[in-house]
Each structure stands twice: as C-alpha cells, then as structure tokens.
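In what follows, a structure is listed as structure tokens, so that the remarks can point back to it.
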Amino acid sequence: MKVQIQVLDVDYDMLNNRPIVRIFGKDRNGKTYCVCATDLLPYFYIKTTNPKRIEEELRSRFGGEIEKTEIVERYLPIGYSDKIELLKVTTRTPSKVPEIRDYIKDKVDDIYEADILFKYRYMVDRSITGMGWIEVEGNPLRTDTIRCATIEARSITPIENDENVPLRILALDIEVKTPQERIPSADKDPIIMIALAYSEPFRGRENDVLVAKSVPGDVISCTSEEEMLEKLKDIIESYDPDIITGYNINNFDMPYIIQRMQHLNLKRDLGRVVDKTVFCQTFGPQTKTNITGRVIVDSYRIVKKEYSFKNYTLNTVAKDLLGEEKEDVSYKEINGLWEDRNEIHRLISYARKDSILALKLITEKKPLDKYIALCRVSGVLLQDVLDGGESIRIENLLLSEFNKKGFVLPLKPGREEIIKRSKEREKEGIKGGLVLEPNPGLYADGCVMVMDFKSLYPSIIRTFNICPTTLLTRDLDVEYNESPAGARFVKSSVREGIIPRILSGLIDGRSTVKKRMYQEKDPEKRRLLDAKQYAFKIMANAFYGYCGYMKARTYNIHVANAITSYGRHLIQKTADKIRNEYGLEIIYGDTDSVMVKYPSKNLDEVYEVGTRIAKEITDSLPGVLELEFEKIFRSFLILAKKRYAGWAFEKHNGEWSDKIEMKGIETVRRDWCDLVTNTMNAVIDMIIKEGDVNRAISFVQEKIEQIRKREVPLKELSVTKSITKSLESYDGVLPHIEAAKKMRMRDPSNPPTRGDRISFVIVEGNQMLSKRAETIEYVKEKNLKTDTDYYINNQLLPPIERIFAVLGVSRDELLGKGRQTSLSDIMGNRRPERNHDLSIEMSPREVVVKNPTGFICSECNRDFRRVTLTGRCECGGEIYASGQGFIGKYVEI
DNA sequence: GCTACTCGGGG
DNA sequence: GTGTACGAGTAGC
C-alpha cells in the first residue's frame with residue numbers, strides 16, 4: 001500500500017534488540033497512520049589516533065551492543081581543514097549510547113554526534129521534518145500496541161506539499177476538590193470534574209463535562225473519580241485527538257491527572273500506543289508531558305508568548321482576545337458548589353466554559369500556524385517546537401546540513417567546557433552592535449529618514465562567509481576575509497561555509513514565499529504563507545545568537561565577535577558616508593539602522609530621496625549587504641539610547657500608513673496604575689502626533705489637579721498584585737500584602753489567600769508607604785482620602801518627567817510652579833515658541849488642516865482629542881479637524 | 001549596567 | 001529518553 005501523510009510525532013521502541021522508529025501522521029482525509037521503520041541503527045563518530053585499539057576496547061566492553069565499526073572520512077566542524085579519518089561506531093540500542101560515550105570519552109581525542117535523539121537521527125538521515133509530508137510504501141501491519149492503522153515501511157520519501165491537514169483538538173479543564181488555605185495537592189485532593197471541548201463534534205457534541213458523582217442534567221455522571229478517569233481515557237481513545245490543549249495544562253491539569261491516575265493505580269495510556277504510558281517530567285516549577293502520537297499545546301503558554309498583557313488569567317485573556325468571559329466562580333466557592341445539589345450546575349457550566357475558552361484560543365486565533373511553519377523550516381517536531389527554545393531548531397538544521405556536506409557536528413558542551421568558555425569570554429569579551437550617541441530632544445522640523453540593513457547579521461555571515469567551518473586557525477595559502485576584530489575566514493570560492501549556505505536558503509526561501517503571499521488573494525492561504533515567511537525570518541535571525549550561545553555545539557567566540565565587528569564597522573561607515581557625501585545629519589543609529597534628519601515635510605519627496613541614498617549606498621556595499629529605506633518619522637522624540645518614540649509613516653503598495661512607534665519608553669508596567677499608563681500615552685500622542693508640547697503640559701497639569709481634587713476614579717489609581725505565598729512568609733513589607741493582612745484582620749472568616757489578586761490604593765497618613773495600602777472597597781466604605789502627594793510625585797511624575805526633561809520642561813513647570821500657568825495654558829492655548837508646525841503636505845492629495853489642535857464631529861459637535869479609528873463619531877457624523885479658528889475636513893494618510 | 005532571584009497560570 | 005530544560009521583570013550590587 002501507499003499513503004501520503006503529514007508527520008505529527010515520531011518516537012521509537014525496541015523490538016528484538018533493535019530500534020523500530022514509529023512515525024505518526026495523518027493523510028489528507030484525516031486518517032491517522034503509524035509508519036514503522038527498522039532501517040537505521042544508532043551511530044556516532046570518534047576521533048582517535050588509534051582506532052584499532054578503541055574498536056577492540058568497545059567490543060570487549062560492550063560486546064554485541066556494537067553492531068559495527070568503520071573508518072570514514074569527514075570534515076571536522078571547527079576550523080578550515082581537510083577531511084580526516086574518523087571511527088564511525090554503529091550500535092543497537094539508542095539508550096545505551098550515553099554509557100558507551102561516557103566510557104570511551106577519556107580514551108579518545110573527540111566524539112561527535114553521540115547525543116542526538118534517535119528520532120531526530122532518523123528524521124535527519126531520511127530528510128523527514130516535523131509537520132512535513134512523506135510518501136510511504138509498505139505493508140499493513142497488525143500490532144496489539146498501536147492504536148491506529150500501521151504500516152511496515154518499505155520506503156519513505158519526503159514530498160513537497162504546502163497543505164496542513166486539519167488537526168483534531170481536545171481542550172480539557174479539570175476541577176479539583178479545593179481545600180481552603182492550601183493549594184490542592186494530587187496525593188490528597190481528588191479531581192471532581194473534567195470538562196472537555198471538541199474542535200470537531202464528537203458523537204454529535206461540542207463539549208462534555210464528566211462529573212465524579214451522580215447529577216441530573218447535561219453531564220456524564222460517574223460514580224467515582226476512578227470511573228471518571230476511565231471515561232476520560234475512553235473518550236480520548238475514541239475521539240482520538242491530535243492535539244490536547246488547556247489553559248495552563250502543562251503546569252496543572254496534565255500533571256494532576258497523571259498523578260491521580262498513578263495514585264489510583266490506573267494505566268496511564270492516553271497516547272496512540274498502549275505500551276508507552278504518559279509521563280511527566282518536572283524541572284523546577286516547569287513540567288512537560290509527552291503523549292506518544294499526540295501533541296500537548298498549552299494555550300496559556302502560547303498566549304503569553306504571542307501577546308502582551310498585564311496579567312494572563314484566562315478571564316483577562318479571553319475577554320481581550322475572544323470577547324468572552326469566564327463564568328463568575330471563585331475557586332473558594334468550588335467546595336461549596338460541589339456539595340450543594342442546587343448549586344452544582346454553576347460549577348459545571350463554569351468548567352465547561354473554561355474548556356471552551358481554552359479551545360477557542362487555539363481555533364479562533366490560530367496561533368499554531370506559526371509553530372507549524374517553524375517545524376517545517378527547522379525540521380523539528382511540533383511538540384518540541386512548542387516546548388523547546390531556539391537551539392533545538394538551529395541544531396536540527398545544522399545537523400542536517402553538516403551531514404549533507406560531509407561534516408560531523410560537535411557534542412553539546414559539558415560542564416567543564418562551559419566553564420572554559422565563560423572564562424575565555426571574560427577575558428576576550430563579547431561585543432554587540434554599535435549604538436550612536438543621540439542628542440536627546442524632539443525632532444519635528446522636517447523629517448527623520450530611517451534606513452536599515454536588511455537582515456544585517458545574516459547578510460554579514462553570507463557576504464564574508466563566516467562559519468566555524470571556514471575559520472582559519474593557522475596560516476594557509478588560501479584567499480580569506482579578515483574581520484575588523486581580526487578573525488579570518490576563507491572565501492566562499494575556497495569553501496562555502498555551512499551556516500552561510502543555510503542562511504542563503506532561508507533568505508531566498510523567505511523572499512519566494514513573500515512574493516507568493518503578495519499575489520495570494522485567499523486570506524486563509526495568505527495567512528499560511530505569512531506564517532511561513534515569518535518562520536524563515538525567525539530562523540535566519542537566530543543563527544547569530546546561536547554562534548555566541550555558550551551551550552551551542554558550534555560556539556566560537558571569534559565567530560560571534562567577527563559578526564558584530566563587521567556590523568559596527570558597516571554602520572559607522574554608512575553614517576560617515578551619509579554625513580560627508582550627502583551633508584545630512586545623523587540623529588541616531590542602533591546596530592543595523594541609521595536615522596537621518598532631512599529638511600522637508602513632503603513624505604513623497606523624502607521617500608524618493610531616502611530610497612535613492614539607500615540604493616547608492618547599497619551599490620557600494622560588498623556581497624548581499626543591502627541598506628533599505630525603511631520609513632519616515634514625521635516627528636521623533638528621543639530620550640536616550642534605545643529610548644524613543646516617533647510618528648512613523650510607511651509606504652505599502654504606494655499607500656502611506658502611519659503609527660506611533662515606541663522603543664524603550666514603557667507605558668505599561670505592572671506596578672503603574674492605569675492613570676499613569678493613560679496619561680503617558682496621551683502625552684506621547686500630543687507631543688508626537690500633534691506636536692503640541694504646551695497642550696501636553698496643560699494636560700499633565702490638569703491630571704495633577706484632578707488627583708489633588710480626588711476626581712480620579714479609584715480604579716485608575718489602583719495597582720493589582722498577587723499573593724504568591726502565605727501572608728506570614730513575606731519578609732519584606734509589600735503594599736499588597738499589608739492590604740491583604742488588613743483584610744484578614746477585618747474579616748477573619750474570609751481571608752485572602754495565596755493566588756488572590758489584591759487591588760490597592762495608597763491613602764493618606766504618616767506611616768510607611770506599604771502600610772498605607774488599602775483596597776478600593778475599604779476606601780469607599782470608610783471614605784478614606786487617597787494620598788494625592790504619592791500619586792503625583794511617586795506614580796505620575798517620574799515617568800512623565802523623563803519625557804519632558806528632554807524638551808526642557810522642568811518638574812516645577814509641570815506642577816505649575818515654574819513658568820506662570822495662565823488660564824490660557826490650562827485652556828490648551830498654544831505657546832508659539834514651543835509649537836512645532838506639524839501640518840502635513842502630501843503630493844497627490846491636498847486637503848490639509850494646519851496644526852489641528854482637536855477634532856470635532858460635523859453632526860453633533862462633540863469634541864475629540866484625536867480622530868476616531870473609524871473616522872466617525874458615535875452618532876455617525878464625520879470627524880472634522882479643528883485648529884486655528886477653522887474647521888476642515890481631516891484626511892488620514 | 002550587570003547578574004541573581006522571583007514568580008507566573010492553574011484550583 | 002543518544003534527556004539536565006522557561007522568560008520577563010525586579011531587586012540588589
């Protein structure tokens with residue numbers, strides 16, 4: 001028979017003392033297969049001057065475990081040199097390789113590739129990638145261990161196919177008997193409910209709730225926890241999901257379920273095989289669960305990686321991303337609801353909703369596209385792309401490419417090696433990119449052109465052929481490039497480096513995909529292409545970091561330093577050239593970008609000049625190095641190195657689009673109240689977009705006044721922090737803990753506990769700050785006075801002051817003490833000497849309002865500070881710009 | 001500016 | 001499982 005499947009998971013098992021690789025995948029119709037292959041044995045390489053003796057030692061020590069040994073010719077991975085003879089040792093049991101490796105380690109010069117997981121050894125040798133497609137020919141195989149159609153492979157061929165098979169997803173959420181004042185623990189507290197949500201209807205249902213007692217209604221009643229867990233296993237087996245998801249499933253639900261199963265002596269076979277039981281690995285607070293043939297996706301972890309929020313409770317995240325909230329149940333109520341026949345349904349629908357939300361985060365936001373694309377580019381399995389970091393992806397590509405070109409890959413460094421590396425690093429140092437010293441201030445006259453090197457580090461690596469395999473470690477009569485830091489690399493005409501070669505493939509791959517993406521009309525396919533080009537980019541950019549990563553297989557400080565030294569050299573030369581040959585001022589630059597002042601406000605003109613300069617400079621650069629005209633800052637506020645904000649204009653297919661861009665200026669921080677965040681955003685907006693520093697000053701003054709008069713809603717002043725341990729175990733004095741202790745004192749029957757989030761405000765008094773923290777409710781109830789001084793001087797002013805300082809506005813002035821604050825200032829009238837002309841000129845269009853100071857609805861005359869996103873008022877009227885005594889049509893460009 | 005330590009999410 | 005492992009943010013030097 002012959003099938004084409006997309007690879008979901010790979011593992012191996014032992015059969016008759018030989019490994020049998022099992023590839024799990026799905027065909028286009030969604031049918032699951034397991035492909036078994038026995039055509040590879042584990043192997044690794046040894047560098048030694050006495051292979052005969054080593055061979056004898058291995059055979060006498062490990063006997064039949066050594067399948068064969070042979071002398072092969074390979075290139076060594078570090079340093080340019082010819083092929084040398086290595087001893088290739090082939091064994092039988094993958095899990096015994098570490099023992100062999102450690103036994104022989106001190107008797108030989110070096111060992112290579114003796115720490116490659118066997119599934120990846122197989123995949124790399126057969127060019128199989130995670131989530132890639134293969135065509136399999138072979139015979140059906142009957143087994144009593146594998147739970148899907150099994151094929152004994154005769155041949156496995158990787159095939160090109162961009163499709164992704166629809167994945168069947170199961171989301172689960174457990175509820176646990178929750179004692180007061182203690183976190184549930186799996187050895188004592190049973191699971192009472194398991195909610196399941198299905199991405200494809202299962203037996204006609206979208207979701208189910210298993211309940212460990214008999215209850216009427218739309219639930220699956222069980223007589224015990226044990227029966228409920230058995231039912232869970234049945235459902236997983238029949239529904240047969242590819243993906244199991246849940247919110248924080250990695251650190252709570254999965255380990256808990258597994259520990260309960262262990263506790264109750266149930267067999268933990270949740271995967272697509274019966275012989276391998278699920279196990280959890282715990283390292284510190286992190287746990288990782290592996291289920292053969294399926295993939296565990298933690299939607300919490302994904303959301304945390306992909307989105308930036310102040311906190312990541314399921315409720316907050318779902319509200320923002322899905323527009324839905326959790327059912328309103330506090331964990332403290334769980335026991336009560338569970339015991340109460342009339343209330344248990346609240347708990348049931350709460351659990352049901354949680355599982356639905358966890359599922360929707362995956363099915364609606366489709367975050368897996370990117371991860372699947374990363375699998376296909378790197379070759380790594382989906383589970384490992386989700387759990388692992390950058391290094392596993394890089395290493396998989398390296399192994400594949402090294403082997404193809406006849407190189408062996410080094411082992412991961414051991415403890416001693418890492419110590420050696422860090423000592424060398426201390427001595428030699430590792431330098432990063434060049435950051436040009438900025439002159440802080442607001443640049444609003446004319447424009448700021450931003451030019452940057454397109455993928456600077458990958459381009460440097462390709463252009464100068466930088467790679468451990470091209471590094472010259474001794475004098476040889478070959479052509480080479482010498483980096484500004486002194487390291488030498490043979491030219492690509494002598495030998496193309498492996499990393500430069502991989503990078504060329506990634507970068508060419510990306511531009512091909514991007515071209516296809518621009519032509520693609522179908523939004524679904526477009527999204528997949530976008531994920532793919534993104535994966536190429538991520539991978540390309542990760543190589544530089546890997547070269548300087550101390551735990552890298554191919555770590556070499558000279559390689560890492562060569563890359564950045566070229567970067568510093570290039571950015572400096574470029575800045576000099578723009579200054580000297582074009583007579584333009586360089587305002588700032590960081591690693592791969594320069595910001596150039598240009599005396600015009602005409603976007604199209606600036607675009608044209610900038611593009612020309614970038615092209616001329618590119619023409620003078622060697623290799624694939626390319627300076628790109630990136631965007632225009634219509635106004636640009638720089639506070640210091642790496643801290644700036646700008647009103648950026650970018651041209652896409654001839655159309656300008658604009659946005660505020662901020663780097664290093666934080667407006668959102670956990671320990672700032674909303675008042676600070678909102679004021680910061682408004683102030684930056686006024687300065688950057690409206691160019692109106694005076695208005696921003698007045699705005700801050702107004703806010704200060706509002707704080708003084710206690711007109712600011714308490715909610716805007718509150719900061720929320722969590723209790724992370726028992727209240728007694730805090731050494732220091734923290735405001736939210738003090739507030740929590742007071743809550744406990746006032747209502748001992750319902751004390752706040754670990755995990756609770758406390759929102760507090762600071763009230764007046766002469767105790768230390770933390771002691772003056774109170775909850776909003778209490779402040780309202782007792783009509784306490786907030787500490788206005790604290791909110792002005794400790795919350796609002798510090799970040800605001802940093803911005804105004806570079807504009808020459810002092811703290812006193814913001815407080816209304818310095819310059820006289822006239823009525824007209826407060827009314828928002830402009831002070832001419834500090835106002836910047838931000839009127840916009842556009843070549844093709846002409847509707848312009850000079851200095852719009854505000855916006856107004858043409859229908860109901862409602863005032864707006866900014867033009868609304870839709871360009872319309874709530875009443876439906878069009879938004880016009882107002883300023884300098886007239887009202888005109890505003891054109892968003 | 002750097003490194004060491006903390007803590008998240010779940011019930 | 002040919003394992004040894006998160007990451008952002010803050011405190012403290």
Side-chain angles (χ1 to χ4, degrees), chain A residues 11-14 19 41-44 89 91-102 111-122 173-180 182-186 189-193 246-256 276 279 281-288 290 292 298-301 303-305 308-317 326 329-335 337-338 347 350-351 354 358 384 386-392 411-412 414-415 551 641-642 666 668-671 721-725 730 732 734 753-757:
Chain A
D11 83 335
Y12 82 92
D13 197 12
M14 293 304 287
L41 289 173
Y43 63 86
F44 60 92
V89 182
T91 67
R92 297 217 175 132
T93 319
S95 63
K96 286 191 181 150
V97 172
E99 195 192 332
I100 304 173
R101 180 225 301 149
D102 293 341
I111 306 177
Y112 304 92
E113 299 181 21
D115 56 355
I116 310 291
L117 295 185
F118 190 61
K119 60 184 180 187
Y120 282 114
R121 168 49 71 199
Y122 189 85
D173 176 54
I174 63 170
E175 304 303 325
V176 170
K177 188 123 189 184
T178 303
Q180 300 291 329
R182 177 164 68 79
I183 301 155
S185 111
D189 309 308
I191 302 173
I192 52 181
M193 267 180 213
Y247 203 73
N248 204 23
I249 190 174
N250 268 342
N251 280 304
F252 185 73
D253 303 64
M254 266 306 158
Y256 209 100
K276 259 195 198 172
F279 62 103
Q281 300 161 87
T282 328
F283 25 91
Q286 289 295 108
T287 30
K288 189 183 142 179
N290 262 309
T292 308
D298 191 333
S299 38
Y300 160 64
R301 220 142 97 183
V303 169
K304 212 172 166 190
K305 257 193 197 158
S308 169
F309 292 117
K310 252 189 187 169
N311 74 72
Y312 289 88
T313 59
L314 179 55
N315 196 46
T316 331
V317 164
K326 274 170 74 117
V329 172
S330 155
Y331 68 87
K332 280 177 194 155
E333 300 177 72
I334 288 176
N335 275 1
L337 297 178
W338 173 246
L347 186 59
Y350 166 81
D354 275 12
D384 297 329
L386 288 163
D387 292 338
E390 240 157 33
S391 48
I392 187 173
L411 301 177
K412 283 187 191 154
R415 236 190 128 59
K551 293 179 185 170
K641 280 180 176 181
K642 299 196 186 279
E666 299 278 354
V668 193
R669 274 175 59 165
R670 263 188 153 96
D671 52 354
K721 292 206 168 190
S722 315
I723 303 174
T724 56
K725 43 188 181 180
Y730 280 90
L734 297 165
T753 51
R754 177 176 173 161
D756 281 0
R757 271 168 262 275

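Order of the sequence lines sets the chain letters (A, B, ...), proteins ahead of strands, with each chain counted from 1. All figures in this text were calculated on a predicted structure; none of them were measured in a lab.
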Identify whether any heavy atom of [X] sits under 4.0 Å from a base atom; if not, whether one sits that close to sugar-phosphate; answer base, sugar-phosphate or nothing.
X: A:Glu99; result: nothing
X: A:Thr313; result: sugar-phosphate
X: A:Ile249; result: nothing
X: A:Ile100; result: nothing
X: A:Phe44; result: nothing
X: A:Asp11; result: nothing
X: A:Tyr256; result: nothing
X: A:Lys326; result: sugar-phosphate
X: A:Lys412; result: sugar-phosphate
X: A:Pro42; result: base
X: A:Asp354; result: sugar-phosphate
X: A:Ile334; result: sugar-phosphate

Distance in angstrom units between [X] [atom1] and [N] [atom2], rounded:
X: A:Lys304; N: B:dC7; atom1: NZ; atom2: P; answer: 13 Å
X: A:Ile116; N: C:dT2; atom1: CD1; atom2: C1'; answer: 8 Å
X: A:Asn250; N: B:dC7; atom1: CG; atom2: P; answer: 21 Å
X: A:Asp387; N: C:dG3; atom1: CG; atom2: P; answer: 18 Å
X: A:Tyr300; N: B:dC7; atom1: OH; atom2: P; answer: 14 Å
X: A:Met14; N: C:dT2; atom1: CE; atom2: C1'; answer: 12 Å
X: A:Asp102; N: C:dG1; atom1: CG; atom2: P; answer: 18 Å
X: A:Ile392; N: C:dC6; atom1: CD1; atom2: P; answer: 13 Å

**Study point:** P-based separation of B:dG9 from C:dA8 [nearest Å]
**Key:**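 Between the two P atoms, the distance is 14 Å.
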
Practice item. Using the P atom as the reference point in each nucleotide, state the distance between C:dG1 and C:dC6 in Å, no decimals. Key: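 The same atom, P, in both gives a distance of 15 Å.
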
Establish, with yes or no, whether the OP1 or OP2 oxygen of [N] is under 4.0 angstrom from a side-chain nitrogen or oxygen of [X].
X: A:Tyr43; N: C:dT2; result: no
X: A:Tyr350; N: B:dG11; result: yes
X: A:Arg301; N: C:dA8; result: no

Look at the side chain of [X] and decide which nucleotide, out of [options], has an atom nearest to it.
X: A:Pro98; options: B:dG10, C:dG3, B:dG11; result: C:dG3
X: A:Leu117; options: B:dG9, B:dG11, C:dG1; result: C:dG1
X: A:Lys551; options: C:dG3, C:dT2, C:dA5; result: C:dA5
X: A:Lys305; options: C:dG1, B:dG9, C:dG7; result: C:dG7
X: A:Asn311; options: C:dT2, B:dG10, B:dG9; result: B:dG9

Review point. Using a distance-only test with no angle check, is there a side-chain donor-acceptor pair under 3.5 angstrom linking A:Asp384 and A:Tyr120?
Key: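 There is such a pair (donor and acceptor under 3.5 Å, judged by atom type) between the side chains of A:Asp384 and A:Tyr120.
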
**Study point:** Pair A:Asn311-A:Thr316, side-chain donor/acceptor within less than 3.5 Å
**Key:**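 Their side chains do contain a donor-acceptor pair, which is all the 3.5 Å distance test asks for.
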
**Study point:** Polar side-chain atom of A:Asn250 near backbone of A:Asp298 as donor-acceptor pair, under 3.5 Å
**Key:**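 A pair under 3.5 Å: no.
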
Point to revise | Residue list, ring pair (Phe, Tyr, Trp, His ring centres under 6.0 Å) with A:Phe44, at least two apart or on another chain | key: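 With sequence neighbours excluded, A:Phe44 shows a ring pair (Phe, Tyr, Trp, His ring centres under 6.0 Å) to no residue whatsoever.
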
**Study point:** Cationic N near anionic O, under 4.0 Å, A:Asp13 to A:Lys276
**Key:**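 No, this pair does not count.
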
Review point. A:Tyr331 on top of B:dG11's base, within under 5.5 Å and under 30°?
Key: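 Aromatic stack with B:dG11 present for A:Tyr331.
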
Point to revise | Qualifying residues under side-chain contact (heavy atoms from CB on, under 4.5 Å), relative to A:Arg92, sequence neighbours excluded | key: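 Residues passing side-chain contact (heavy atoms from CB on, under 4.5 Å) with A:Arg92: A:Arg18, A:Glu65, A:Glu67.
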
Practice item. For the residue pair A:Tyr256 and A:Phe252, categorise the inter-ring angle as parallel (less than 30°), tilted (30 to 60°) or perpendicular (more than 60°). Key: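 A:Tyr256 and A:Phe252: tilted rings.
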
